[in-house]
Structure formats: C-alpha cells, structure tokens
Amino acid sequence: MRIDSEAGTNCLLLECRDLRKTFVVKRQEICVLESITFSVNRGEIVVLTGKSGAGKSTLLGILAGLDRPTSGSAIFEGRPLESMTNEALAWLRRRDIGIVFQSFNLLPSWTAFENVEAALMHTGLSKSARRQKVVALLEALGLGARLDNLPAELSVGEQQRVAVARTLIHAPKLLLADEPTGDVDPETAQEIIARLVAPVKETGATLIVATHGIFPQEIADTVFQMKDGRLAPATE
Amino acid sequence: MGDLWTCAGRELLRRTGRTFANVFGYLLATAMMVGLLSLLLFSKDAASGVLGSTGTHFIAFAPACTPVCDVKAVDAQNEGFVANGSETALIPAGAVEKVKRLSTVKDAAPYLSFRFKDPRDGHTFTVGGFVPGGNAAVATTCCAEAHIVAGRFLQPDDQGAAMLDEAYARSQDLHVGDKITIAGLPFVVAGIVNPGVRPARADVYMRFSDAERAITRRVLSPPVRHVANVLLVEVRSSRVQEQAIQSVKRLLPDTVTSTYACYKPAAQVMGMQEGTVWLLTLLLGLCAVVLALKSQLSSVIERRRDIGILKAIGWTDGNVVSLILTESILQALAGGALGCLVAAAILLLAPIKQLAGIDSPGPVTVSALVFLSGFALALLGGVIAGVVPALVAARQRPADSLRRV
C-alpha cells in the first residue's frame, strides 16, 4: 500500500484519486470524504481504522460501486467506477468485488443456503453447480447443518459466517469488509478474519477491512486511519 | 427465468400475509369485474332482446311521379299500386335479393299492395300479396301468425285463399269460410287477422302469386309477374336501423321508406346500456389496478433494504425489476384465476336473476370471453401494478437503501 505512489500497473488493482463525497442533509452540505488518494495492489491487505462516522463505510461503498463520489475518481483495474453504468457496476460486484457488511445484511426471508446462492444467480451457473458450490462452502464454514435455516434462526456468529460465505462464493478479486467482526465474539471474530484472509493468501485477492475495533493489524500490509473524512497513514 | 420464478414464488410463500392480501385483492377485483360484467351483459342482452327488435323494420317503395303508374290500372281513378296512401311505381325485379345482401338487413321480402274497387258497391279496399313461409320482414311489417283472431294463417300452398283484416271483415260482415271475389277471381276466407299498426297493413291478404293474378286482371299491360311495388325489410337491430335505411336508399335511389321512429329511443337506450357496462368495467379494472399498485408499492418500500442487498451482491436493476414484476404477475395470476372461479360459482349457484330483478327466460350465461377478459385484465393489472414499484426499486441506489437500515 502506498499513498500517491507510482504503483506498477501490472499489480495495481485499485486506485483512488482525490475522492470527495458530500451529502446534503436539510439543505446543509456535509462532507464525508475529502481528498482521498491512495492505491492498492493485488494481494494486499489494507486496514482502515477510525471512529464511527469517520467515513470508512462511505469509502467502502464507493469502492464497491454502491455509491458514487461527488468528485474524484475510484479506478478498479483501470476502469473508473464513477463513469460505469449501474449495470456494469452490478456485474463488477457479481464477479470481481465482494462486500461483507457489519450488520450482515442477510435477506430475512431467505435461508442460509438461498442467501449465499443469491450471489451466484444470474451468473449462468446451473442450479446443480450452484448448489454444489454453496453447500461445499457453507460446510467448510461449519454451517452444513444450517443450510435451510432462516437468518433469524441462526446465531449472530452464524449469520456473519453466512454473510462471509456469500461474499467469498464467487471468489472476488477485491474483498471489502465493513466491520466484519464488530458484532461477534472473539472466537468467531478470529474465524471470520481467517476466512477473509485465506483468499488473499490462496488466490491473491485483495482485502480492505474497515474497523473501529479489534483487528489484528499485524496481518495488514498497510493500515490507514480515517479522521473526519480524510485518510492518513496510521501512527504507531 | 426459472430462477426468477423460484425466487418470486419463494418470496410470496414466505410473506404469506402480504401475499394473501394482494391475491385476495386481485380475487375480489376479478370476481367483481367478471361477475358484474356477466350480470350487466346478461341484463343488457335481456333488454336488447326487447329493445333491439323495437321498430327494426321498414318498408320501401317508389312513389309514382305522375298520377298514372308505370303499369296503368284499368280504373286508374280508383285502382292502382299504393303504399302508405300514395300511388307507387314498381320496383325492379332483383331488388329484394340486393337488399337482402346488405349487412344491416336481417331479411327482406317483396310485397304487392294494390287498391281495388268492388264493382258491386263501389267501395275500395287494398290487397296485400306476400310470400307466406315465416319471413321475418313479413311478420313485422305486414302480418304474422300470432295476429290471427279467427281461422288460420295463409300457407305457401294456399292457392285461392285469403285473410281479412279484422276491421275490414267486420265492416263487410265477412267470416272465416266465406267466399269473396276479387277482380273476378274467387277466394275463400281462411283467416281473420289483426296485426295492429303495421306499415304494410292491407284489408285483404293473399299469396303473392294470387295477388299477381288478381292485379294482372286490373291493369292494362303487361301482366304483373315477378315484380313488387313495396319492399318489406327487417333490420338486424334497432341500432343499425338508420344505417339500413340509408343503404336501401343508396341501392334504390327512387324509393322512400316508411317506418316508426321508436327504434331511435330504443337504440339510444341500448347505446347507453353498453356505455354503462364498459364504463363500469373500466372503473372496476382501474380500482383493482390502483389497489394492487398501492399494495405492491408498499411491499417494495418495505423491502427497500432487501433490494439494496440484492444489488450489493451483484443483481442488476433489470434483475430486480424482473423479480418484482414476476411477483406481481404471480399474484395477479393466482388472484385472477381464483376470482374467475368465485365469479363462476356465484353466477351459477346464486339466484342472480331474482336478486337483480332481470326478467329473462334463459339462465345467466357464463361467457368464456368475459372470463378470459377478466383474467387478462387481472394479468394486465398485475403488470401495471408491478411496473411502477419495480421501477421505483430499480431507481433505488443500493448505498442509500443500505444506509437507511
């Protein structure tokens, strides 16, 4: 991870140039992100720390193509996300970018299996191939017996594992995790961290984690601190 | 596509309360639409049976341009071809067939109407010659079997038989079985009729061929064969009466028509009835769509977060639109089908006719077309009710949807 570095184009995955994001609340403009510039290489783990409201989730939202910056550019594999259509961004999330939310964001009326399978729908995979893939991953996460349970019937830790499985199921190049361990016990947190880090080691995926709590920063290649919408290298 | 149906079906089955409410809405709307439409159409048909045949007939004849007809009568002062009190010319042979072929005309028949003078006492009377055999035009413009007050109606093979108008029979003190002489030809009175007010009413009725023979004896030349001086026309419905009259006038430019104006209010009432039926159907359909739209829109707003999640994991706007639309269509299909069944049960089992006070001999018909229309309208409602919420869902930015959680 470098700030304003000249990254080698062959390993550069993501680049942000002078990102700015504002919201208008009751006719008043609130700046959530200001002058965010950084780049991330393939296979790196980046940790964003900062208090609640620092702008971490908004930044991850823009990197996932869920939101658009007010100005500046977020470039994924050479393609500026802000100029891509909604359709193209959806395809990007379907193939290359996965996001884990703090609040799990599972579909309440869909079972654990269906929640994970939803990420593979519309990808052209056959029903049986999808089933095989989803079952294998959920079993690997220890949820083999919980396939047909609705989120409300799962523990918090299990719900988060389902959310992780949904993100990992299509082997994305960029993994974005927004407070992935915020609501789980330390043991489950360890397991989730291991699950998120594994693709980085195994497939060279890139992981960007936003956290205001515990996260083993020693496994990160770079740690950034966000404060009032601005990005700075974390101080020791 | 299969995935979409599976997802939509699953979503509907797991949100039973909302699904039930939506399906019930479509059921109610379809049942009301089909039931009311069937009832209104039945009522309209029952009324149209009466109104449609009110005044649906007229006669056409060509007035003579001079007091002398193109076939001169022996006693031109007292005798001749007449219709509606006027002297007439003859209408060319073949005109009847042409009129019959008009789309607005149900039936047409030739008619000979000739005024004779009785040489015994000098009184004049009219003879109407028609072809017996149940022609609709004859029955409505001239006389029908139902008008018999004594004796019997003329049959196709009744040579030498005549029927008398009741008033004329009384004035001449004639009865069934009496013998009369017209133009030197003997006739037996087979029946006495009272057809009421008819545009081709006569004092004496006889077969067309008998009238030809009698009239031939009272004209100078040539013999009257296969021609008529009046056309009797029965129209398909009072709504096309005006059209039929114009068509006949175009076909036979020298003719004038005589009819009763009662077809006009009848046609007007029928038009009003039809208008009401379709307006009510449209309003019911609109209500159903608006209710379904509201329900679907609420559902989409309620599921804002879910839609945001689906988009966050790679569903395109198109995928979301398809899902919402499929859900809406599935509910409309279920509600529409159940609505049709409920409507059919009500129409077949409930004493609708008695309740609605419709005086018609037949049962309330269950028209497949009405049911198909009701079902199609429900489906269309499902599509319309699904499109707006689906577009609303598609326009939601996933970040906004997830931020609101």
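Quick caveat: nothing in here was measured; it's all calculated off a predicted structure. Reminder, nothing fancy here: chain letters follow the sequence lines and each chain counts from 1. These numbers come from the heavy atoms of this one structure, side chains and all, not from hydrogens, waters or symmetry mates.
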Next item on the list: Determine the minimum heavy-atom distance between A:Leu107 and B:Leu310, stating which atoms define it.
Entry: CD1-CD2, 3.6 Å
Item checked: Backbone N/O of B:Lys311 and side chain of A:Arg93: donor-acceptor pair under 3.5 Å -> yes
Item checked: Nearest atoms (heavy-atom pairs only) where A:Thr111 meets B:Arg14 -> N-NH1, 3.7 Å
Notebook entry, point to check: Above 12 or not: heavy atoms from other molecules or residues under 6.0 Å from CD of A:Glu77?
Noted result: yes
Note to self: If you count heavy-atom pairs within less than 4.5 Å of chain B, which of A:Leu150, A:Ile97, A:Leu106 leads?
What the structure shows: A:Leu106
Check: Taking side chain as C-beta onward, heavy atoms only, is B:Asn319 less than 4.5 Å from A:Arg94?
Finding: yes
Checklist line | A:Arg166 side chain reached by B:Ile313 side chain, heavy atoms, under 4.5 Å | finding: yes
Next item on the list: Report, as yes or no, whether the 6.0 Å neighbourhood of atom CZ on A:Arg20 holds more than 12 heavy atoms from other residues, nucleotides or ligands.
Entry: yes
Item checked: Which atoms of A:Thr85 approach chain B - backbone, side chain, both or neither, heavy atom under 4.5 Å -> neither
Notebook entry, point to check: Which one, B:Gly318, B:Ala312, B:Ala394, B:Gly308, leads in non-hydrogen pairs under 4.5 Å with chain A?
Noted result: B:Ala312
Notebook entry, point to check: Pick from A:Glu87, A:Arg95, A:Glu114: which one has the most heavy-atom pairs with chain B under 4.5 Å?
Noted result: A:Glu114
Next item on the list: Select all residues of residues 117-125 of chain A having any heavy atom within less than 4.5 Å of some heavy atom of chain B, and report them by number, or 'none'.
Entry: A:Glu117, A:Ala118, A:Ala119, A:Met121, A:His122
Notebook entry, point to check: How far does CD1 of A:Ile99 sit from CD1 of B:Ile309, to the nearest 0.5 angstrom?
Noted result: 12.0 Å
Next item on the list: Cation-pi check, B:Arg10 to A:Trp110: give yes when NZ or CZ is under 6.0 Å from the six-membered ring centre and within 45° of the ring axis, no otherwise.
Entry: yes
Check: At what distance, to the nearest 0.5 angstrom, does OG1 of B:Thr6 lie from NZ of A:Lys127?
Finding: 4.0 Å
Check: So do the side chains of B:Arg305 and A:Pro108 get within less than 4.5 Å of each other, counting heavy atoms only?
Finding: yes
